[in-house]
Amino acid sequence: MSEHSTCVVVGGGPAGMVAGLLLARAGVEVTVLEKHADFLRDFRGDTVHPSTLQLLDELGLADEFSRLPYSKLEQVVFPAGGGRGVTVADFRRLPVRYPYIAMVPQWDLLNLLAEAGREEVCFTLRMQTEVTDLIRDGDRVRGVRYRTADGGTGEIRAELTIACDGRWSIARRLSGLRPREFPVPIDVWWFRLPRTPDDRPTSLTPRAARGRFALVIPRDTFLQLAYVGRKGADPEIRARGIERFREDVAELMPDLRERVDALATMDDVKHLDVRVNRLDRWHVDGLLCIGDAAHAMSPVGGVGINLAVQDAVAAATLLAAPLRRGGVRPEELAAVRRRRVLATVLVQALQRVMHRGFVAPIVDGRRMGPPGPVLALLRRIPQVSFVPAFLIGVGLRPEHAPPFARRPSLRAEDADPGR
């Protein structure tokens with residue numbers, strides 16, 4: 001069965017859903033293909049940054065977002081001994097409408113975007129539809145072939161295919177594009193522990209010990225933990241078993257000792273193979289890669305989703321008019337990379353500096369926290385915490401909704417009840 005859509009988006013993550021929604025609001029017929037039956041997958045990046053909150057406001061979705069279960073993170077604070085902490089990033093200093101990071105389950109955000117998309121006549125979301133191949137006409141990509149959950153197959157011909165299917169992108173691999181890999185010293189193990197009524201953190205507080213550190217991320221009904229250790233250590237950690245892993249967690253975070261029994265087996269601990277890479281070229285004729293398909297980010301700073309969403313906004317802004325005209329030239333696809341590449345390169349460079357100067361010394365056992373001079377500077381001049389807050393929360397080139405995608409929204413003080 002052969003179908004047609006002006007644009008087909010591969011992957012229903014944040015980049016894919018934002019790109020699909022914006023293009024549909026521009027009057028472009030767009031079909032988003034998501035291989036899973038729903039968005040319910042644990043331990044995806046669940047941070048919604050101030051710039052993304054502003055974008056949702058511009059799209060008229062602030063009120064709907066305010067009804068989702070989320071918690072606010074206003075600071076990143078590192079323990080400095082004696083019960084004191086040093087504020088590394090203070091989002092409250094940002095001159096923005098939403099001076100915090102919203103920690104919201106990603107499935108709730110994606111469902112919100114899907115509902116907004118369904119209100120657009122040009123938007124189609126197809127779940128349980130997995131891309132298996134690209135359709136080619138000579139060197140030009142003309143759409144995709146797919147397989148559904150019941151084994152059915154088909155194809156969608158399109159003027160443009162946008163690959164938003166993550167760091168292991170099938171569409172990217174089929175296109176022949178290959179990312180350049182950068183060395184990474186860490187992997188991350190995600191798990192959840194129960195949250196009690198007394199847990200009301202508004203700051204992200206790393207906990208460090210020799211050879212590892214962890215972040216406790218408050219969710220609405222549980223605590224999500226990121227346990228950060230040496231790259232390639234997953235087989236060793238799993239061979240040691242769940243009891244030893246519980247002991248490691250309790251030693252690192254004694255205040256959570258009574259909760260670690262919630263980890264029944266190592267199946268409750270999900271391994272993230274951390275990658276930092278990027279494409280030198282984000283497109284071939286008829287296909288564009290954005291988000292993690294174009295540049296996988298380290299979880300340091302939690303900026304991956306933010307950059308992916310910004311890519312999607314830039315792509316929709318630049319490509320809506322050519323798509324309405326009936327086609328997109330390679331030079332118009334290249335313009336998306338030109339607009340976004342500097343921010344991508346600079347953020348990845350900053351992450352690699354953080355890996356070398358902060359993360360690697362901890363997981364190698366050479367240090368148990370940030371460099372002393374950095375902590376001393378932050379103690380002496382607290383205003384410096386604005387800089388990492390801006391880089392994490394807003395970014396180096398924030399994108400705003402184009403005029404064709406904007407809708408009326410409640411004012412921030414109405415849409416955000418200040419929970």
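Values in this document were obtained by computation on a predicted structure and should not be read as measured data.
Between D165 and R173 there is no salt bridge, since no side-chain nitrogen of the basic residue lies less than 4.0 Å from a carboxylate oxygen of the acidic one.
For the pair R126 and Y146, the distance from NZ or CZ to the six-membered ring centre is under 6.0 Å and the angle to the ring normal is within 45 degrees.
For A343, the side chain to side chain contact (heavy atoms under 4.5 Å, CB included) partners are R340, L396, R397, not counting sequence neighbours. Among residues two or more places apart in sequence or in another chain, the ring-ring contact (aromatic ring centres under 6.0 Å, His included) test is passed with F123 by none. In this structure H355 satisfies the ring-ring contact (aromatic ring centres under 6.0 Å, His included) test with no other residue, sequence neighbours excluded. Residues passing the side chain to side chain contact (heavy atoms under 4.5 Å, CB included) test with E119: none are found, sequence neighbours excluded. Listed by chain and residue number, A335, V336, R339 satisfy the side chain to side chain contact (heavy atoms under 4.5 Å, CB included) test with L318 (two or more places apart in sequence, or in another chain).
Under the salt bridge (charged side-chain N to carboxylate O under 4.0 Å, His left out) criterion, the residue pairs touching residues 103-115 are E115-R118, with sequence neighbours excluded.
Although no hydrogens or angles enter the test, the distance criterion places no donor-acceptor pair under 3.5 Å between the side chain of Q224 and the main chain of R192. A donor-acceptor pair under 3.5 Å is absent between the side-chain atoms of D137 and the main chain of R142, judged by distance alone. Side-chain atoms of R337 come within 3.5 Å of backbone atoms of D280 as a donor-acceptor pair (strictly under, hydrogens ignored).
No more than 12 heavy-atom neighbours from other residues, nucleotides or ligands sit within 6.0 angstrom of CZ on R380. Under a cut-off of 6.0 angstrom, the local environment of CG in D139 is sparse, with at most 12 non-hydrogen atoms contributed by other residues, nucleotides or ligands.
Among P99, P382, S385, the single residue meeting the side chain to side chain contact (heavy atoms under 4.5 Å, CB included) criterion with D90 is S385.
Note on ring orientation: taking the six-membered ring where Trp is involved, the planes of F213 and F358 are tilted (angle from 30° to 60°). Aromatic ring pairs are classed by plane angle as parallel below 30°, tilted from 30° to 60° and perpendicular above 60°; the pair W282 and H295 is tilted.
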